[in-house]
Amino acid sequence: MQDMRLKLHIWRQAGPEAQGALRTYEVTANEHMSFLEMLDVLNQDLIEKGEEPVAFEHDCREGICGTCNMVIDGRPHGPQKGTTACQLHMRAFKDGDEIHVEPWRATAFPIIKDLVVDRAPFDRIIASGGFVSVNTGAAQDANEIPVPKADADDAFSYAACIGCGACVAACKNASAMLFTAAKFAHLEKLPQGRVESERRALAMVEQHDAEGFGACTNQYECEAVCPKEISVTSIAMLNKAYRSAVLKTRETV
Amino acid sequence: MSRFQRLLASSIGAKVGMAVTGILLSFFVIGHLMGNLLVYQGRQAVNDYAAFLKGLGPWLWVVRAGLLSVFVLHIVLAIQLKRRNRAARTVGYAKDHVNVATVASRYMVLTGMCVLAFVLLHLAHFTLGWIDPATHAVTEKVIQGGVEIERHDVYQMVVAGFRQPVYVVIYVVAMVLLGTHLFHGLQSLFQTLGVRHPGYTPTIVRVCRLVAVALSAGYISIPVGVLLGLTGAEGAS
Amino acid sequence: MQLDSKIPSGPIEKKWDNRRFELKLVNPANKRKYKVLVVGTGLAGGSAAATLGELGYQVEAFTFHDSPRRAHSIAAQGGINAAKNYKGDGDSVFRLFYDTVKGGDFRAREANVYRLAQVSVNIIDQCVAQGVPFAREYGGYLDNRSFGGAQVSRTFYARGQTGQQLLIGCYQALERQVKAGTVKMRTRKEMLDVVVVDGEAKGIITRDLVTGQIERHYGDAVVLATGGYGNVFYLSTNAMNCNVTAAFRAYRRGAAFANPCYTQIHPTCIPVSGDYQSKLTLMSESLRNDGRIWVPKKAGDKRAASDIPESERDYYLERKYPSFGNLSPRDIASRAAKEVCDEGRGVGPGGLGVYLDFADSIRRLGEDTIRARYGNLFQMYEKITGENPYRVPMRIYPAVHYTMGGLWVDYNLMTTIPGLYAIGEANFSDHGANRLGASALMQGLADGYFVLPYTIGDYLATQKPGAVGVDHAAFAEAENEVRARTERLLSVNGSRTVDSFHRELGKLIWDHCGMARTADGLRDALQKIPALREEFYGDVRVPGSGAALNQELEKAGRVADFMEFGELMCLDALTREESAGGHFRSEHQTEDGEAQRDDENYCHVAAWEYTGYGQKPNEHREPLVFENVKLAVRSYK
């Protein structure tokens with residue numbers, strides 16, 4: 001196992017209001033470590049030296065909880081396609097590399113500390129309409145409504161979103177359209193979800209806008225960095241649904 | 001708030017507005033090129049077409065007013081979106097990386113502003129004759145219905161204009177930028193309007209990009225052709 | 001302390017109906033006067049909070065994550081069991097009940113398990129209505145797969161991300177209630193104590209992880225849905241932040257802790273690659289549907305897998321357990337892997353691994369079918385190991401995965417502290433000594449959607465809403481204790497990091513209270529853990545302050561609780577002089593190395609009562625009575 005010496009430039013910011021800056025650190029890693037394990041090694045070092053460790057969020061380290069979030073060399077979650085930072089392994093780097101590590105940058109995601117940002121707007125977008133209005137116990141038998149396999153598979157591919165926010169981080173406009181549209185498309189593809197389609201499109205898009213995210217500019221950087229490789233077809237679906245919902249809705253405008 | 005206001009106030013709606021006005025402006029760009037290409041058929045074709053347009057009288061003004069409002073709406077929405085987008089990220093990355101975004105898509109505002117500047121220049125140059133009055137103020141005499149009339153010699157104006165390299169350079173650069181703008185804009189508007197399908201979207205994208213390049217090339221061919229003497233032989237020096 | 005399991009009367013299939021009729025109800029108009037605190041927002045907590053909100057209670061839901069969607073339920077891969085019998089292959093509520101009791105090695109409470117099997121069918125209905133995109137067949141109907149410990153196909157799944165899809169369904173339901181105003185979501189708040197007023201749970205103390213504020217929250221009842229304690233081992237498949245703190249704090253306040261020694265070691269995880277390793281990654285059990293597990297017959301065989309001919313391979317699960325084969329229950333498959341590795345036949349670096357080989361299935365079904373079934377798992381394996389499992393067999397090794405033990409609860413899911421409930425993995429109730437695959441999701445959702453929302457009303461109906469406020473002395477006292485503990489951790493300023501202590505504790509527990517346990521080993525651990533704990537309090541270094549985001553401080557508090565909890569676990573393991581499910585005492589095995597239960601002396605739940613720091617806790621026993629399933633030697637041969 002070959003050791004690799006790396007130079008890291010990491011964004012350090014003591015608190016939400018504090019002035020942040022990139023600080024440079026050196027760390028020795030090996031190719032079997034995950035990127036976050038490499039940061040663990042750095043942090044253990046820092047603590048032993050009496051410095052404050054780098055704050056970064058992480059939890060499952062299996063690429064599914066969506067907690068980890070960092071921009072590695074300008075790419076959310078780093079250079080490997082379809083991979084979260086926690087699943088990125090150091091074999092994607094080589095000895096002597098310099099690596100920049102920065103937080104998600106978006107006005108809607110204010111920095112809490114170092115690489116930790118506040119992604120609460122995502123919850124509010126879901127709360128605005130990203131659900132099916134069914135109370136516990138009100139459901140009919142699960143096989144009552146057959147769903148074409150292709151639709152169920154499509155719905156799944158959108159529902160696979162882990163809510164990490166990489167789409168926002170990658171978009172030059174810090175737009176959360178892929179996140180918003182993925183949830184919309186997931187429910188739109190299922191008969192259970194379609195009932196509330198119009199209300200959902202209106203509420204979710206307008207909440208997205210109210211949170212201060214930018215507009216989608218059809219560059220598809222979001223799709224390129226999405227660790228779950230969610231398709232921008234969802235955005236086209238939402239574009240169409242929102243337009244037609246505004247023009248058709250019987251809600252008082 | 002009316003439905004349309006509500007639509008245009010949203011991020012998606014503003015993009016829909018951009019797309020719809022973009023379509024209309026693209027039709028104009030195509031139509032205008034059709035007219036311009038008459039240069040290749042010679043003086044009469046160009047000047048007849050110019051006279052036909054002028055002969056529309058008040059209808060011409062209706063068309064112009066419509067075109068102007070579409071153009072203004074396109075710009076106003078662009079400004080609205082740009083302000084939203086700029087506010088959405090105030091601090092950028094120390095190290096940035098572009099994955100798939102095309103150059104065209106990244107400079108839409110810049111290419112758009114250049115096209116706007118060019119349009120103003122073009123109006124001042126060929127429509128109003130403020131920039132080069134001598135070249136603009138040319139007429140020809142033709143017999144129409146047995147009567148000799150004097151009309152604007154658009155053909156001569158264009159040929160004389162493009163025999164000056166400085167204008168050729170300006171026009172060529174402007175048309176490259178217009179083509180760049182359309183290279184992203186045309187295919188992008190399908191996505192904005194919700195037309196996307198794994199089966200046919202790749203074709204739409206290819207065709208749109210081809211159209212953008214063709215339009216740009218078509219426009220460029222005229223000044224370059226005139227300058228190199230490939231066309232415009234009928235024009236006086 | 002009296003353990004009253006409050007099992008309803010009547011035949012087993014009538015018990016839940018009877019109980020629902022007996023339970024006191026809260027009038028719909030009064031529900032909004034009651035405040036319920038739900039701690040944890042995974043499948044159990046999220047579904048409970050959403051359902052209580054729908055019913056009209058005022059709910060406050062707490063998570064230490066930035067969003068309820070991050071809870072570790074999200075990582076469950078394989079599926080969720082339900083007795084739908086959509087396959088027509090002989091499944092029924094009774095069979096699911098039977099399989100679960102047997103799979104749990106006859107150490108679960110019959111009545112609870114039966115109820116679990118009953119409501120399992122409602123869960124699937126509910127989830128489909130919410131838009132959970134379960135796998136479907138071409139006809140549009142739901143698909144099922146098989147899982148370990150069962151001979152019917154009853155597992156519903158959404159590719160290898162079933163937990164994620166169920167949690168997102170539940171999260172959506174929860175956010176809907178947030179919007180409706182019935183649930184107040186408290187994110188980035190970690191519960192650090194339960195407030196007990198006159199013997200009843202009336203609130204919690206939390207630390208705001210962003211501002212560091214210690215806060216008091218009042219509730220007419222408190223629900224803990226805070227998951228399992230697998231991270232006591234340091235390396236486990238649990239998420240990094242999973243911890244025992246909430247349950248352990250409740251234990252210190254008087255809630256009995258049941259069967260802490262029942263831990264599940266999952267047979268199919270990616271082996272450890274180095275000492276920097278921070279966690280282990282599970283490869284879904286569903287892989288055992290198509291993968292064959294083997295090791296070389298010869299010890300110390302260093303040849304590459306492809307160079308070992310068929311005749312020199314030992315498909316040891318198929319050999320030892322012909323009728324269940326590769327789909328033997330988790331405890332059995334794990335122990336079998338440990339045995340072959342102990343014999344020196346393990347593969348990969350360090351010899352701690354066995355092959356999970358798909359070559360036969362790929363030949364039989366084609367690579368595309370295998371990709372459709374397990375594509376994301378294969379991808380994950382390749383990302384972590386850098387090896388392509390379509391070409392070379394996967395290497396797997398058992399790892400800590402789930403904890404069957406938890407807070408003792410009665411049939412109504414209430415702990416021994418009135419007003420304090422525990423649901424999901426945080427309680428001990430349904431899995432006995434071993435949990436079957438695809439049953440954790442089922443239990444979490446059963447508790448949260450279909451059980452707790454009924455049973456909690458029975459308690460609330462006896463309470464005057466808002467009877468005590470946060471200015472009660474008990475709140476002040478609990479808050480001061482939390483402050484003192486936090487300050488103590490910050491003030492040590494020693495030389496070792498929290499992680500180094502956690503790693504040392506984990507290794508100690510893995511070595512002595514892991515896949516196989518001995519009396520000597522456990523006694524040894526019981527000596528070493530208190531010493532390590534003293535060292536921790538004397539030499540830990542927690543940088544930074546308590547007044548801001550401080551991840552080291554969060555970890556330190558959790559590790560401090562693991563330091564005490566680990567001791568309880570070892571004590572329970574030492575006291576249980578038998579082998580059952582995930583608890584394997586080497587002294588108690590049959591001639592062919594299988595777990596040997598002692599039904600005469602240990603057919604009970606061991607519930608521990610806290611008696612003070614460093615003091616030996618009191619053991620209480622709830623006898624287990626089997627009226628519907630005959631106690632038998634569990635056989636999967």
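None of these values were measured; they are calculated from a predicted model. Naming: A, B, ... by sequence-line order, numbering from 1 per chain.
In this structure the side chain of A/Pro53 never reaches within 4.5 angstrom of the side chain of C/Gln551, judged on heavy atoms. Annotation: side chain of A/Leu187 is in contact with side chain of C/Gln172 (closest heavy-atom distance under 4.5 Å). Residues A/Gln140 and C/Asp125 fail the side-chain proximity criterion, which asks for heavy atoms closer than 4.5 Å. In this structure, C/Ser278 and A/Arg61 have side chains that are in contact, with non-hydrogen atoms separated by less than 4.5 Å. Residues A/Arg119 and C/Thr187 fail the side-chain proximity criterion, which asks for heavy atoms closer than 4.5 Å. Taking 4.5 Å as the limit, some side-chain heavy atom of C/Arg188 sits within range of a side-chain heavy atom of A/Val116. No side-chain heavy atom of C/Phe134 sits under 4.5 Å from any side-chain heavy atom of A/Val147.
Neither the backbone nor the side chain of A/Ser34 comes within contact range of chain C, judged by heavy atoms closer than 4.5 Å. Contacts of C/Glu552 with chain A are made by side-chain atoms alone, with heavy-atom separations under 4.5 Å and no backbone atom involved. With a 4.5 Å cut-off on non-hydrogen atoms, C/Asp66 touches chain A through its backbone and its side chain both. Only the backbone of C/Thr385 comes within contact range of chain A, with at least one heavy atom under 4.5 Å from a heavy atom of that chain. For C/Phe450, the part lying near chain A is the side chain, with the backbone staying farther off; criterion is any non-hydrogen pair under 4.5 Å. For A/Ile162, the parts sitting under 4.5 Å from any heavy atom of chain C are the backbone and the side chain alike. For A/Ala120, no part lies under 4.5 angstrom from a heavy atom of chain C. Looking at C/Gln126, both its backbone and its side chain come within 4.5 Å of chain A, counting heavy atoms on both sides. Within the 4.5 angstrom heavy-atom criterion, only side-chain atoms of A/Lys183, from C-beta onward, approach chain C. Neither the backbone nor the side chain of A/Val195 comes within less than 4.5 Å of any heavy atom in chain C. Using a 4.5 Å cut-off between heavy atoms, A/Ile112 touches chain C through its side chain atoms alone. Heavy atoms of C/Glu554 lying under 4.5 Å from chain A are absent altogether. Contact of C/Arg496 with chain A is not made at all, since no heavy-atom distance falls under 4.5 Å. Looking at C/Leu280, the atoms closer than 4.5 Å to chain A (heavy atoms on both sides) all sit in the backbone: N, CA, C or O. For C/Ala548, no part lies under 4.5 angstrom from a heavy atom of chain A.
Looking at C/Thr281 and A/Glu62, their side chains never bring a donor and an acceptor atom within 3.5 Å of each other.
Separation of atoms CD1 (A/Ile47) and OG (C/Ser500) is listed at 9.0 Å; rounding is to 0.5 Å. Rounded to the nearest 0.5 Å, atoms CG (C/Leu282) and SG (A/Cys60) are 11.5 Å apart. Atom CG of A/Asn43 and atom OG1 of C/Thr497 lie 10.0 Å apart (nearest 0.5 Å). Note that NE2 of A/His32 and OH of C/Tyr276 are 6.0 Å apart. Values are rounded to the nearest 0.5 Å. Between the NE2 atom of A/His89 and the NZ atom of C/Lys383 there is a distance of 10.5 Å, given to the nearest 0.5 Å.
Taking 4.0 Å as the cut-off between side-chain N and carboxylate O, C/Arg136 and A/Asp153 do not count as a salt-bridged pair. Contact check on A/Arg124 versus C/Glu175 returns no salt bridge, with no Lys/Arg side-chain nitrogen under 4.0 Å from an Asp/Glu carboxylate oxygen.
If you tally non-hydrogen atom pairs under 4.5 Å between each of A/Ala139, A/Ser128, A/Ala142 and chain C, the highest count goes to A/Ala142. When the candidates A/Gly66, A/Ala92, A/Ala150 are compared by the number of heavy-atom contacts under 4.5 Å with chain C, A/Gly66 comes out ahead. For the set C/Ala158, C/Ala180, C/Gly169, C/Pro68, the count of heavy-atom pairs under 4.5 angstrom toward chain A peaks at C/Ala158. The greatest number of non-hydrogen atom pairs below 4.5 Å with chain A, out of C/Lys179, C/Arg70, C/Glu54, is found for C/Arg70. Among C/Arg159, C/Gln161, C/Glu137, the residue with the largest count of heavy-atom pairs under 4.5 Å with chain A is C/Arg159. The candidate with the highest count of non-hydrogen atom pairs below 4.5 Å against chain C, out of A/Gly163, A/Ala155, A/Gly50, A/Pro148, is A/Gly163. Listed options C/Asp143, C/Leu142, C/Ile124 were ranked by heavy-atom pairs under 4.5 angstrom with chain A; first place goes to C/Leu142. Among A/Lys113, A/Lys189, A/Gln44, the residue making the largest number of heavy-atom pairs under 4.5 Å with chain C is A/Gln44. Looking only at heavy-atom pairs under 4.5 Å with chain C, the residue among A/Arg91, A/Glu57, A/Gln80, A/Glu51 that has the most is A/Arg91. Most heavy-atom pairs under 4.5 Å with chain A: of the set C/Asp499, C/Ile384, C/Ile74, this distinction falls to C/Ile384. If you tally non-hydrogen atom pairs under 4.5 Å between each of A/Ala14, A/Ser133, A/Pro16 and chain C, the highest count goes to A/Ser133.
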Working note: C/His65 + A/Asp59, criterion side-chain hydrogen bond (donor to acceptor under 3.5 Å, both in side chains); need CA distance, chi angles, decisive distance, verdict. CA-CA 9 Å; C/His65 286 111; A/Asp59 198 25; 2.5 Å; yes
Before you tell me yes or no, could you show the steps for A/Glu144 and C/Val128 under side chain to side chain contact (heavy atoms under 4.5 Å, CB included), namely the whole-Å CA-CA distance, both residues' side-chain angles and the distance that decides it to 0.1 Å? CA-CA 10 Å; A/Glu144 200 81 7; C/Val128 167; over 6 Å; no
Take A/Phe122 and C/Arg69, measure what side chain to side chain contact (heavy atoms under 4.5 Å, CB included) needs, and give me the verdict at the end. CA-CA 10 Å; A/Phe122 274 10; C/Arg69 69 180 299 154; 5.6 Å; no
Using the side-chain hydrogen bond (donor to acceptor under 3.5 Å, both in side chains) rule, take A/Asn135 and C/Arg176 through it: C-alpha gap first, then chi angles, then the decisive distance, then the call. CA-CA 10 Å; A/Asn135 283 1; C/Arg176 173 173 164 245; 3.0 Å; yes
Go through it in stages, so that I can follow the logic: the residues are A/Asp123 and C/Tyr171, the test is side chain to side chain contact (heavy atoms under 4.5 Å, CB included), and I'd like the CA-CA distance, side-chain angles, deciding distance and then a yes or no. CA-CA 9 Å; A/Asp123 286 343; C/Tyr171 158 69; 2.6 Å; yes
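Counting only distance, with no hydrogens or angles, the side chain of A/Glu52 and the backbone of C/Pro543 share no donor-acceptor pair below 3.5 Å. Side-chain atoms of A/Gln192 never come within 3.5 Å of backbone atoms of C/Gln130 as a donor-acceptor pair (strictly under, hydrogens ignored). In this structure, the side chain of C/Gln164 engages the main chain of A/Ala160 through a donor-acceptor pair within 3.5 Å.
Of all non-hydrogen atoms in A/Ala152 and C/Pro133, the two that sit nearest each other are O-CB, 3.9 Å. Annotation for C/Leu549 and A/Ala55: closest pair CD2-CB, 4.2 Å, computed over non-hydrogen atoms.
When the ring-ring contact (aromatic ring centres under 6.0 Å, His included) test is applied to A/His58, the partners found at least two apart in sequence or on another chain are A/Phe56.
More than 12 heavy atoms of other shown residues, nucleotides or ligands fall within 6.0 angstrom of atom OH in A/Tyr25. In the displayed structure, C/Lys87 atom NZ is contacted under 6.0 Å by more than 12 heavy atoms of other residues, nucleotides or ligands.
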